[in-house]
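Take a look at the structure below.
Read the numbers this way: they start at 1 and go in the same order the structure lists the ligands and their atoms.
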Amino acid sequence: RHALHLAVAGAVAGPAVLRITKAHAAEFSLKAANNTPVSHPLTIYMTKAADAIREETGGKVDIKLFPNNQLGGDTDMLSQLRSGALEFFTLSPLILATLVPAASISGVGFAWSSYDKLWPAMDGDFGAHVRAQIEKSGLFAFDRIWENGFRQTTSSSRPILKPEDFKGFKIRVPPSPMWTSMFKAFDAAPMTINFAEVYSALQTRIAEGQENPLTLIDNAKLYEVQKYLSKTNHMWDGFWLLSNGKVWRGLPQDVKTVVAKHFNAQAVAQRADMAQRAGTTEQDLKARGLDIRDVDTKAFQAKLQSAGFYKEWKGKFGDDAWALLEKHTGPIA
Ligand code: X2X
(Lines give C-alpha, C1' and ligand atoms only; values in the text may rest on other atoms or scores of the structure.)
Protein backbone atom coordinates (compact mmCIF):
# COMPACT_ATOMS: atom_id res chain seq x y z
CA ARG A 1 0.00 0.00 0.00
CA HIS A 2 2.76 2.34 0.94
CA ALA A 3 4.63 1.83 -2.31
CA LEU A 4 1.51 2.16 -4.42
CA HIS A 5 0.50 5.47 -2.89
CA LEU A 6 4.00 6.77 -3.27
CA ALA A 7 4.00 5.82 -6.96
CA VAL A 8 0.59 7.38 -7.65
CA ALA A 9 1.39 10.56 -5.80
CA GLY A 10 4.69 10.79 -7.56
CA ALA A 11 3.12 10.26 -10.97
CA VAL A 12 0.80 13.25 -10.62
CA ALA A 13 3.64 15.28 -9.11
CA GLY A 14 1.43 16.22 -6.21
CA PRO A 15 2.44 16.85 -2.62
CA ALA A 16 3.68 13.29 -2.22
CA VAL A 17 4.63 13.47 1.40
CA LEU A 18 1.21 14.65 2.49
CA ARG A 19 -0.54 11.92 0.53
CA ILE A 20 1.57 9.17 2.00
CA THR A 21 0.95 10.42 5.51
CA LYS A 22 -2.79 10.53 4.99
CA ALA A 23 -3.08 7.14 3.30
CA HIS A 24 -1.04 5.61 6.05
CA ALA A 25 -2.65 7.32 8.97
CA ALA A 26 -6.28 6.25 8.56
CA GLU A 27 -6.71 3.50 11.09
CA PHE A 28 -10.49 3.62 10.95
CA SER A 29 -11.92 4.04 7.46
CA LEU A 30 -15.65 4.38 7.94
CA LYS A 31 -18.58 5.18 5.66
CA ALA A 32 -21.50 7.53 6.25
CA ALA A 33 -24.49 7.92 3.93
CA ASN A 34 -27.63 9.97 3.50
CA ASN A 35 -30.49 10.63 1.09
CA THR A 36 -30.11 14.39 0.55
CA PRO A 37 -28.46 16.28 -2.32
CA VAL A 38 -24.91 17.57 -1.87
CA SER A 39 -26.24 21.13 -1.54
CA HIS A 40 -28.55 20.26 1.38
CA PRO A 41 -27.43 21.34 4.89
CA LEU A 42 -27.63 17.73 6.09
CA THR A 43 -24.87 16.83 3.64
CA ILE A 44 -22.93 20.05 4.23
CA TYR A 45 -22.82 19.63 8.01
CA MET A 46 -22.16 15.89 7.95
CA THR A 47 -19.18 16.75 5.77
CA LYS A 48 -18.04 19.37 8.30
CA ALA A 49 -18.29 16.76 11.06
CA ALA A 50 -16.25 14.23 9.09
CA ASP A 51 -13.62 16.92 8.40
CA ALA A 52 -13.46 17.92 12.07
CA ILE A 53 -13.12 14.28 13.13
CA ARG A 54 -10.35 13.65 10.60
CA GLU A 55 -8.58 16.78 11.80
CA GLU A 56 -8.85 16.10 15.52
CA THR A 57 -7.68 12.51 15.15
CA GLY A 58 -4.79 13.49 12.90
CA GLY A 59 -6.27 11.44 10.06
CA LYS A 60 -6.71 8.31 12.18
CA VAL A 61 -10.49 8.35 11.75
CA ASP A 62 -11.47 8.85 8.12
CA ILE A 63 -15.22 9.01 7.51
CA LYS A 64 -16.16 9.07 3.84
CA LEU A 65 -19.59 10.49 3.09
CA PHE A 66 -21.87 9.06 0.39
CA PRO A 67 -24.71 11.59 0.01
CA ASN A 68 -27.74 11.71 -2.26
CA ASN A 69 -28.62 8.00 -2.19
CA GLN A 70 -25.32 7.01 -3.80
CA LEU A 71 -25.48 3.75 -1.83
CA GLY A 72 -29.15 3.13 -2.64
CA GLY A 73 -32.53 4.18 -1.27
CA ASP A 74 -33.29 4.52 2.42
CA THR A 75 -34.48 0.94 2.83
CA ASP A 76 -31.29 -0.35 1.13
CA MET A 77 -29.07 1.83 3.32
CA LEU A 78 -30.90 0.67 6.45
CA SER A 79 -30.12 -2.94 5.47
CA GLN A 80 -26.47 -2.04 4.86
CA LEU A 81 -26.30 -0.38 8.27
CA ARG A 82 -27.82 -3.42 9.97
CA SER A 83 -25.45 -5.83 8.25
CA GLY A 84 -22.41 -3.73 9.13
CA ALA A 85 -21.59 -2.78 5.53
CA LEU A 86 -22.28 0.88 6.35
CA GLU A 87 -21.19 2.51 9.62
CA PHE A 88 -23.26 5.73 9.78
CA PHE A 89 -26.58 6.62 8.21
CA THR A 90 -29.19 9.34 8.75
CA LEU A 91 -32.82 8.24 8.65
CA SER A 92 -36.22 9.74 9.33
CA PRO A 93 -37.68 8.49 12.62
CA LEU A 94 -40.78 7.45 10.69
CA ILE A 95 -38.91 5.22 8.24
CA LEU A 96 -36.89 3.84 11.12
CA ALA A 97 -40.25 2.83 12.57
CA THR A 98 -40.34 -0.06 10.09
CA LEU A 99 -37.74 -1.53 12.48
CA VAL A 100 -38.43 0.41 15.71
CA PRO A 101 -42.19 1.17 15.83
CA ALA A 102 -41.84 3.56 18.80
CA ALA A 103 -39.56 5.85 16.78
CA SER A 104 -42.30 7.49 14.71
CA ILE A 105 -43.90 9.22 17.69
CA SER A 106 -42.01 12.47 16.94
CA GLY A 107 -43.87 12.64 13.61
CA VAL A 108 -47.46 12.67 14.90
CA GLY A 109 -49.48 15.05 12.72
CA PHE A 110 -49.74 18.69 13.86
CA ALA A 111 -48.15 17.85 17.21
CA TRP A 112 -45.47 20.56 17.34
CA SER A 113 -46.41 24.24 17.38
CA SER A 114 -42.85 25.55 17.54
CA TYR A 115 -39.17 24.69 17.62
CA ASP A 116 -39.05 26.08 21.16
CA LYS A 117 -41.00 23.00 22.18
CA LEU A 118 -39.50 20.58 19.70
CA TRP A 119 -35.73 20.84 20.25
CA PRO A 120 -35.80 20.64 24.06
CA ALA A 121 -38.07 17.59 23.76
CA MET A 122 -35.87 15.85 21.20
CA ASP A 123 -32.72 16.72 23.16
CA GLY A 124 -34.36 15.79 26.49
CA ASP A 125 -36.45 12.98 27.97
CA PHE A 126 -38.67 12.51 24.93
CA GLY A 127 -35.73 11.95 22.56
CA ALA A 128 -34.05 9.76 25.17
CA HIS A 129 -37.17 7.57 25.28
CA VAL A 130 -36.95 7.06 21.51
CA ARG A 131 -33.20 6.44 21.50
CA ALA A 132 -33.59 3.79 24.18
CA GLN A 133 -36.03 1.93 21.90
CA ILE A 134 -33.62 2.31 18.98
CA GLU A 135 -30.81 0.75 21.03
CA LYS A 136 -32.97 -2.26 21.84
CA SER A 137 -33.15 -2.93 18.11
CA GLY A 138 -29.37 -3.23 17.85
CA LEU A 139 -28.77 0.22 16.38
CA PHE A 140 -27.18 3.22 18.05
CA ALA A 141 -28.62 6.74 17.69
CA PHE A 142 -26.47 9.81 18.36
CA ASP A 143 -27.89 12.26 20.91
CA ARG A 144 -28.67 15.14 18.59
CA ILE A 145 -31.22 14.59 15.87
CA TRP A 146 -30.66 16.50 12.61
CA GLU A 147 -33.23 18.78 10.99
CA ASN A 148 -35.37 17.97 7.97
CA GLY A 149 -38.24 20.34 8.76
CA PHE A 150 -41.99 20.82 8.74
CA ARG A 151 -43.49 19.09 5.75
CA GLN A 152 -45.49 20.81 3.02
CA THR A 153 -47.51 19.35 0.18
CA THR A 154 -46.72 19.75 -3.52
CA SER A 155 -48.72 18.75 -6.57
CA SER A 156 -48.51 18.77 -10.34
CA SER A 157 -52.22 18.35 -10.97
CA ARG A 158 -54.21 20.61 -8.63
CA PRO A 159 -53.62 22.71 -5.55
CA ILE A 160 -54.49 21.07 -2.23
CA LEU A 161 -56.37 23.85 -0.43
CA LYS A 162 -58.89 21.97 1.72
CA PRO A 163 -58.77 18.49 3.24
CA GLU A 164 -61.34 17.33 0.64
CA ASP A 165 -58.84 18.10 -2.13
CA PHE A 166 -56.82 15.13 -0.92
CA LYS A 167 -59.60 12.73 -1.95
CA GLY A 168 -58.05 10.16 -4.31
CA PHE A 169 -54.86 12.25 -4.63
CA LYS A 170 -51.97 10.04 -5.72
CA ILE A 171 -49.32 11.13 -3.27
CA ARG A 172 -45.87 9.67 -2.79
CA VAL A 173 -45.04 9.09 0.88
CA PRO A 174 -41.83 7.66 2.38
CA PRO A 175 -41.90 3.97 3.33
CA SER A 176 -43.44 4.15 6.81
CA PRO A 177 -46.68 2.98 8.42
CA MET A 178 -47.46 6.39 9.93
CA TRP A 179 -47.17 8.23 6.64
CA THR A 180 -49.47 5.80 4.89
CA SER A 181 -51.92 5.96 7.80
CA MET A 182 -51.96 9.76 7.79
CA PHE A 183 -52.66 10.12 4.09
CA LYS A 184 -55.28 7.39 4.17
CA ALA A 185 -56.93 9.40 6.95
CA PHE A 186 -56.91 12.36 4.53
CA ASP A 187 -58.66 10.04 1.99
CA ALA A 188 -55.66 10.35 -0.34
CA ALA A 189 -54.15 7.43 -2.28
CA PRO A 190 -50.64 7.20 -0.75
CA MET A 191 -47.91 5.16 -2.42
CA THR A 192 -44.62 4.43 -0.68
CA ILE A 193 -41.49 5.27 -2.66
CA ASN A 194 -37.93 5.86 -1.42
CA PHE A 195 -36.75 9.44 -1.82
CA ALA A 196 -34.18 8.23 -4.36
CA GLU A 197 -37.02 7.68 -6.85
CA VAL A 198 -39.24 10.64 -6.02
CA TYR A 199 -38.12 13.01 -8.76
CA SER A 200 -38.74 10.47 -11.50
CA ALA A 201 -42.03 9.31 -9.95
CA LEU A 202 -43.26 12.90 -10.11
CA GLN A 203 -41.82 13.52 -13.55
CA THR A 204 -43.54 10.47 -15.03
CA ARG A 205 -46.69 11.32 -13.04
CA ILE A 206 -46.77 7.94 -11.34
CA ALA A 207 -47.44 10.20 -8.36
CA GLU A 208 -49.28 13.53 -8.62
CA GLY A 209 -47.71 14.94 -5.52
CA GLN A 210 -45.44 14.49 -2.54
CA GLU A 211 -44.75 16.21 0.75
CA ASN A 212 -41.42 17.44 2.12
CA PRO A 213 -39.90 20.45 3.85
CA LEU A 214 -39.15 23.54 1.72
CA THR A 215 -35.37 23.14 1.92
CA LEU A 216 -35.46 19.65 0.44
CA ILE A 217 -38.04 20.58 -2.22
CA ASP A 218 -35.63 23.30 -3.24
CA ASN A 219 -32.40 21.29 -3.09
CA ALA A 220 -33.86 18.27 -4.89
CA LYS A 221 -35.33 20.60 -7.55
CA LEU A 222 -38.79 19.15 -7.13
CA TYR A 223 -40.16 22.50 -8.38
CA GLU A 224 -39.14 21.32 -11.86
CA VAL A 225 -41.78 18.60 -11.76
CA GLN A 226 -44.38 20.16 -9.41
CA LYS A 227 -46.63 23.18 -9.87
CA TYR A 228 -48.36 23.89 -6.55
CA LEU A 229 -47.17 23.99 -2.98
CA SER A 230 -49.63 24.09 -0.08
CA LYS A 231 -48.32 25.03 3.33
CA THR A 232 -50.04 22.15 5.09
CA ASN A 233 -47.30 22.02 7.74
CA HIS A 234 -48.73 18.61 8.65
CA MET A 235 -45.77 17.13 10.49
CA TRP A 236 -42.23 17.70 11.65
CA ASP A 237 -39.50 15.36 10.49
CA GLY A 238 -35.83 14.97 11.34
CA PHE A 239 -32.97 12.55 10.74
CA TRP A 240 -31.54 10.33 13.45
CA LEU A 241 -27.87 9.73 12.81
CA LEU A 242 -27.58 5.99 13.34
CA SER A 243 -24.76 3.52 13.67
CA ASN A 244 -24.72 -0.25 13.85
CA GLY A 245 -24.64 -0.97 17.60
CA LYS A 246 -22.01 -3.71 17.37
CA VAL A 247 -19.76 -1.67 15.09
CA TRP A 248 -20.14 1.40 17.31
CA ARG A 249 -19.40 -0.48 20.54
CA GLY A 250 -16.36 -2.01 18.85
CA LEU A 251 -14.67 1.35 18.35
CA PRO A 252 -12.17 2.52 21.01
CA GLN A 253 -13.61 4.92 23.57
CA ASP A 254 -11.40 7.85 22.49
CA VAL A 255 -12.56 7.45 18.90
CA LYS A 256 -16.23 7.27 19.96
CA THR A 257 -15.85 10.40 22.06
CA VAL A 258 -14.42 12.47 19.20
CA VAL A 259 -16.89 11.13 16.62
CA ALA A 260 -19.92 11.75 18.84
CA LYS A 261 -18.70 15.20 19.85
CA HIS A 262 -18.41 16.45 16.29
CA PHE A 263 -21.51 14.78 14.90
CA ASN A 264 -23.63 16.18 17.74
CA ALA A 265 -22.11 19.66 17.45
CA GLN A 266 -22.65 19.80 13.68
CA ALA A 267 -26.24 18.59 14.07
CA VAL A 268 -26.94 21.61 16.26
CA ALA A 269 -25.18 23.89 13.75
CA GLN A 270 -27.20 22.34 10.91
CA ARG A 271 -30.47 23.12 12.73
CA ALA A 272 -29.45 26.77 13.03
CA ASP A 273 -28.48 26.97 9.36
CA MET A 274 -31.83 25.44 8.34
CA ALA A 275 -33.71 27.99 10.46
CA GLN A 276 -31.81 30.81 8.80
CA ARG A 277 -32.70 29.62 5.32
CA ALA A 278 -36.45 29.37 5.95
CA GLY A 279 -37.52 32.77 4.61
CA THR A 280 -35.27 32.89 1.57
CA THR A 281 -36.13 29.33 0.54
CA GLU A 282 -39.79 30.18 0.14
CA GLN A 283 -38.86 33.19 -1.99
CA ASP A 284 -36.58 31.02 -4.06
CA LEU A 285 -39.31 28.45 -4.66
CA LYS A 286 -41.69 31.21 -5.75
CA ALA A 287 -39.10 32.56 -8.13
CA ARG A 288 -38.72 29.04 -9.54
CA GLY A 289 -42.40 29.12 -10.45
CA LEU A 290 -44.08 27.17 -7.65
CA ASP A 291 -47.59 28.45 -6.89
CA ILE A 292 -47.45 28.66 -3.09
CA ARG A 293 -50.67 28.73 -1.06
CA ASP A 294 -51.46 29.14 2.61
CA VAL A 295 -54.11 26.76 3.90
CA ASP A 296 -56.21 26.43 7.04
CA THR A 297 -54.13 23.79 8.80
CA LYS A 298 -56.75 23.40 11.54
CA ALA A 299 -59.15 21.95 8.98
CA PHE A 300 -56.57 19.34 8.01
CA GLN A 301 -55.97 18.42 11.63
CA ALA A 302 -59.73 18.13 12.21
CA LYS A 303 -59.86 15.64 9.34
CA LEU A 304 -57.19 13.47 10.97
CA GLN A 305 -59.11 13.64 14.21
CA SER A 306 -62.46 12.64 12.72
CA ALA A 307 -60.84 9.83 10.73
CA GLY A 308 -59.58 8.29 13.98
CA PHE A 309 -55.88 8.92 13.27
CA TYR A 310 -55.03 10.12 16.78
CA LYS A 311 -56.97 7.38 18.51
CA GLU A 312 -55.20 4.75 16.43
CA TRP A 313 -51.69 6.08 17.04
CA LYS A 314 -52.18 6.83 20.71
CA GLY A 315 -53.21 3.20 21.03
CA LYS A 316 -50.10 2.02 19.18
CA PHE A 317 -47.62 4.12 21.16
CA GLY A 318 -49.33 3.56 24.49
CA ASP A 319 -50.53 6.00 27.15
CA ASP A 320 -47.11 6.55 28.74
CA ALA A 321 -45.31 7.50 25.54
CA TRP A 322 -48.26 9.66 24.46
CA ALA A 323 -48.24 11.47 27.82
CA LEU A 324 -44.51 12.11 27.40
CA LEU A 325 -45.19 13.59 23.96
CA GLU A 326 -48.02 15.80 25.21
CA LYS A 327 -45.92 16.94 28.15
CA HIS A 328 -43.91 18.80 25.52
CA THR A 329 -46.46 19.60 22.83
CA GLY A 330 -49.48 20.34 25.00
CA PRO A 331 -52.76 18.50 24.27
CA ILE A 332 -52.65 17.30 20.66
CA ALA A 333 -56.16 16.25 19.79
O1 X2X B 1 -38.10 10.59 1.92
C2 X2X B 1 -38.32 11.78 2.21
O3 X2X B 1 -39.29 12.39 1.78
C4 X2X B 1 -37.36 12.50 3.12
C5 X2X B 1 -36.11 12.81 2.34
O6 X2X B 1 -37.94 13.66 3.60
C7 X2X B 1 -37.05 11.61 4.24
O8 X2X B 1 -35.93 11.24 4.46
C9 X2X B 1 -38.18 11.21 5.09
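Every residue was checked against the ring pair (Phe, Tyr, Trp, His ring centres under 6.0 Å) condition with W240, not counting sequence neighbours, and none meets it. When the ring pair (Phe, Tyr, Trp, His ring centres under 6.0 Å) test is applied to F183, the partners found at least two apart in sequence or on another chain are F166, F186, H234.
Side-chain N/O atoms of Y45 and E147 include no donor and acceptor closer than 3.5 Å.
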Atom pairs, nitrogen or oxygen, ligand 1 to protein, under 3.5 angstrom:
residue, atom, partner, partner atom, Å
ligand 1, 1 (O), R172, NH2, 2.8
ligand 1, 3 (O), R151, NH2, 2.9
ligand 1, 3 (O), R172, NH1, 2.7
ligand 1, 3 (O), N212, OD1, 3.3
ligand 1, 3 (O), N212, ND2, 2.9
ligand 1, 6 (O), N148, ND2, 3.0
ligand 1, 6 (O), R151, NH1, 2.9
ligand 1, 6 (O), R151, NH2, 3.4
ligand 1, 6 (O), N212, OD1, 2.6
ligand 1, 8 (O), N35, ND2, 2.8

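Here ring pair (Phe, Tyr, Trp, His ring centres under 6.0 Å) pairs that include residues 247-273, with residues two or more places apart or in two chains, are F88-F263, F140-W248, F142-W248, F142-F263.
Because its NZ or CZ atom is not both nearer than 6.0 Å to the ring centre of W146 and within 45° of the ring axis, R271 does not count as a cation-pi partner of that residue.
At least one donor-acceptor pair under 3.5 Å links the side chain of S92 to the backbone N or O of L94.
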